[in-house]
Visitor: 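One structure, as structure tokens, below. Some questions next.
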Amino acid sequence: MSEARMQACRVLVPSGVLGSGCPQAAFDRGISLKPDAIAVDAGSTDSGPHYLGAGVSKMTRKAVKRDLRQLMVGRAELGVPLLIGSCGTSGTDAGVDWMADICAEVAAEEGQSVKVALLYSEQEPERLKDYLRRGAISPLPPAGALTPERLESCDHIVALMGYEPFARAIDDGADIVLAGRTTDTAVLAAVPLMRGLPIGPSWHAAKTAECGGLCTTRSRQGGVMLTIHEDGFDVEPLDADNTCTPWSVSAHMLYENSDPFELREPGVVLNARDAVYTALDPRTVRVTGSTHLAMPYTMKLEGSGAVGFRTMVFSGIADPKIMARLDEFLSKLRAHLTEGVSSVLGYAEREYDLEIRPYGAHALAPPGAPAAQTPPREVGLMTLITAPDQTTATEIAKFCNPVLLHFPLNPDDPMPSFAFPFSPAEVELGRLYEFKLQHVVAIDDPLELVRTVRFAVDRGERRAVA
Amino acid sequence: MQSLKDVAQYVRSKAAGPYWVTVDIFCGDAQAYERIRRAPGLSGPAVGRLYGVSENAVKVFEVPALNVIKISFPRVEPQGSAHDADSHAGQYFVPLLDVPVA
């Protein structure tokens, strides 16, 4: 008995992150190829713990709105789903609401009638404590076991969604899905997976396109089109003059991934070890042989919490006498500063953190790096004070200021003056956040920790939908 | 003796999530791949000593199809924490450029 061939599924991926832009000509070419979905990621932990901790977007509202308008206009032309993951950079509830407002605004301005589903995956520490008590939360290397106190130390916690909440929202009639934190790949794999396309190739295609044009030879010329089919998947750049090569596509599996062959996703692990990359034509690559293994369903947790406030002083030194004995100078400087902070301000060393980074010398050197052979020509000293509050951090920095300006290498040297680029010299950096979680939570139902809210925009009016 | 920067085509590093760094060594061709693969300075223990992490934590992957050696390890300072000076881990690869390659 011969079975009908499975219908292929095309996903237009305009860029690696919403707000970074896709050239209009490349996007229009993508739309002309009639994709079955438009999907893009809008966030990442890549820019550090501030965005999740503070619950704010890295991208500007105007850049996000420009991109969202382009996608919404293209979507309306084809009548296919538009999926956006990790709204507002960190995918907090506030990030989803921020994106929902922009979406409603664009719909009204463009006179579109759209049904929108919002997927929220921010978690309350109290709820996660129940999972912790039941032994359902486990650490990922290099983290240790989770404690309730660690959960409480987070200002925001998000769980990374898989593709299932998107599939449900689209099945329920959403034109546009705006989601909280989602794995970069799940948002791109959702429509192929819900249409029953092969699992390994769907995830591998999504991993290939998660950074938009980075899997092409000219990464700044817009995103890519994925075509997932029975035999695997094809990837081609949206821009007609750009190319994908077996090299550019296969090498992308390495990018930002600690394992070159495997990728763990909610409920599945992708294995690309035996994948074969073939040039279909000068600009399209076909990938076959990607496999998967079903795994217990887990969602990764990300948490960020404030640990203090920082103030920075930046100063420059080029005096060759000091360059020749820099480490000795830094060690004496540090000892003098901490002694003064203790005796004059009354803060013991455990009450604050003082770090002096010698940029131009070895600020970026790891602990086991060999010492430099020649003295640097000049160094920038970044002095960082972290304290429980901003006032204390700045108070300590102000105390350090005259020392950083005039500290001599030898006690009897004539008083030197170093190069301060700013007045005032102290720069308040605000709250310092740290990532707090590297754990997964095991769940029975992929929608268990996800809340869905629907709204529609009709003739410029936004209204809630049950 | 030559060092990695003379033999490899391209070396890069990047954060792989907030707690891991991954280094990709694109050797260029099979001959360079074989030479680089054998460099003692790129073994797990040597990389662990350089970056101040436990040698058991360092993972070295060989990807012969791409002539790539990939090295991943947990970072001592999680991304963005008080003492982290390279949030995206984009400059972590630099000290490896001086590893001798026979």
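Chain letters run A, B, ... following the sequence lines, proteins first, then strands; residues in each count from 1.
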Visitor: Measure distances from Leu429(A) to the heavy atoms of chain B and classify the residue's part below 4.5 Å as side chain, backbone, both or neither.
Guide: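 Contact with chain B involves no heavy atom of Leu429(A) at all.
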
Visitor: Please state whether the side chain, the backbone, both or neither of Pro78(B) comes within less than 4.5 Å of a heavy atom of chain A.
Guide: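 Neither; nothing under 4.5 Å.
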
Visitor: Would you indicate whether the side-chain heavy atoms of Glu62(B) and Pro260(A) approach each other to under 4.5 Å?
Guide: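 A side-chain contact under 4.5 Å is absent here.
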
Visitor: Is there a side-chain contact between Lys59(B) and Asp259(A), using heavy atoms and a 4.5 Å cut-off?
Guide: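 Lys59(B) vs Asp259(A): side chains apart.
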
Visitor: Please identify, among Ala82(B), Pro95(B), Ala89(B), the residue contributing the most non-hydrogen atom pairs under 4.5 Å to chain A.
Guide: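 Most pairs with chain A among the choices: Ala82(B).
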
Visitor: Can you say whether Ala57(B) sits under 4.5 Å from chain A via the side chain, the backbone, both, or neither, judging by heavy atoms?
Guide: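 Neither part.
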
Visitor: Please flag which part of Asp98(B) lies under 4.5 Å from any non-hydrogen atom of chain A: side chain, backbone, both or neither.
Guide: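 When you check distances to chain A, no heavy atom of Asp98(B) falls under 4.5 Å.
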
Visitor: Answer with side chain, backbone, both or neither: which region of Ser44(A) has an atom nearer than 4.5 Å to a non-hydrogen atom of chain B?
Guide: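 No part of it gets close to chain B.
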
Visitor: Contact between Trp20(B) and Pro141(A) at the side-chain level, heavy atoms closer than 4.5 Å - yes or no?
Guide: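 SC-SC contact between Trp20(B) and Pro141(A) confirmed.
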
Visitor: From Lys70(B) NZ over to Ser258(A) OG, what is the distance, rounded to the nearest 0.5 angstrom?
Guide: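 One finds 7.5 Å between NZ of Lys70(B) and OG of Ser258(A).
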
Visitor: Do you know which of Pro74(B), Ala15(B), Ala85(B), Ser72(B) has the most heavy-atom pairs with chain A at a distance under 4.5 angstrom?
Guide: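 Top count of heavy-atom pairs under 4.5 Å with chain A: Ala85(B).
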
Visitor: For the CD atom of Gln79(B) and the CZ atom of Phe435(A), what is their distance to the nearest 0.5 Å?
Guide: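 Gln79(B) atom CD to Phe435(A) atom CZ measures 5.0 Å (nearest 0.5 Å).
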
Visitor: Hey, which of Ser87(B), Gly52(B), Pro18(B) has the most heavy atom pairs under 4.5 Å with chain A?
Guide: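 Ranked by contacts with chain A, first place is Pro18(B).
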
Visitor: In this structure, are over 12 heavy atoms from other groups packed under 6.0 Å from Arg35(B) atom CZ?
Guide: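 Correct, the count exceeds 12.
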
Visitor: Do Leu254(A) and Arg12(B) come within less than 4.5 Å of each other through their side chains, counting heavy atoms only?
Guide: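 In contact.
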
Visitor: In terms of heavy-atom proximity below 4.5 Å to chain B, should Arg310(A) be classed as side chain, backbone, both, or neither?
Guide: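 Arg310(A) touches chain B through side-chain heavy atoms alone.
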
Visitor: Where on Glu256(A) is there a heavy atom nearer than 4.5 Å to chain B: the side chain, the backbone, both, or neither?
Guide: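 The answer is both parts of Glu256(A).
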
Visitor: Between Tyr433(A) and chain B, which part of the residue has a heavy atom less than 4.5 Å away: side chain, backbone, both or neither?
Guide: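 The answer is the backbone of Tyr433(A).
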
Visitor: Shorter than 4.5 Å, heavy atoms on both sides: which option in Val21(B), Asp84(B), Val23(B) has the most such pairs with chain A?
Guide: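 Among Val21(B), Asp84(B), Val23(B), the one with the most close pairs to chain A is Asp84(B).
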
Visitor: At a heavy-atom separation under 4.5 Å, does Phe73(B) approach chain A through its side chain, its backbone, both, or neither?
Guide: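 Phe73(B) has no heavy atom closer than 4.5 Å to chain A.
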
Visitor: Where do His83(B) and Arg357(A) come nearest, in terms of heavy atoms and distance?
Guide: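 What the structure gives for the nearest pair is C-NH2, 3.5 Å.
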
Visitor: Do you know which of Ser304(A), Ser250(A), Ala365(A), Pro246(A) has the most heavy-atom pairs under 4.5 Å to chain B?
Guide: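 Looking at each of Ser304(A), Ser250(A), Ala365(A), Pro246(A) in turn, Ser250(A) comes out on top.
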
Visitor: Between Ala363(A) and chain B, with a heavy-atom cut-off of 4.5 Å, which part of the residue counts as in contact: side chain, backbone, both or neither?
Guide: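 For Ala363(A), backbone heavy atoms alone lie under 4.5 Å from chain B.
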
Visitor: Which one wins on heavy-atom pair count under 4.5 Å against chain B: Leu140(A), Asp353(A), Thr386(A), Val307(A)?
Guide: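 Heavy-atom pairs under 4.5 Å are most numerous for Asp353(A).
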
Visitor: May I ask you to test the Leu66(B)-Trp247(A) pair for a side-chain heavy-atom distance under 4.5 Å?
Guide: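 They are in contact (side-chain heavy atoms under 4.5 Å apart), so the answer is yes.
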
Visitor: Using non-hydrogen atoms and a 4.5 Å limit, figure out which bit of Asp46(A) sits close to chain B: side chain, backbone, both or neither.
Guide: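 For Asp46(A), heavy atoms of backbone and side chain both lie under 4.5 Å from chain B.
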
Visitor: Taking every heavy-atom pair that is under 4.5 Å apart, which of Leu50(B), Ile71(B), Thr22(B) has the most such pairs with chain A?
Guide: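 Among the listed options, the one with the most contacts to chain A is Leu50(B).
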
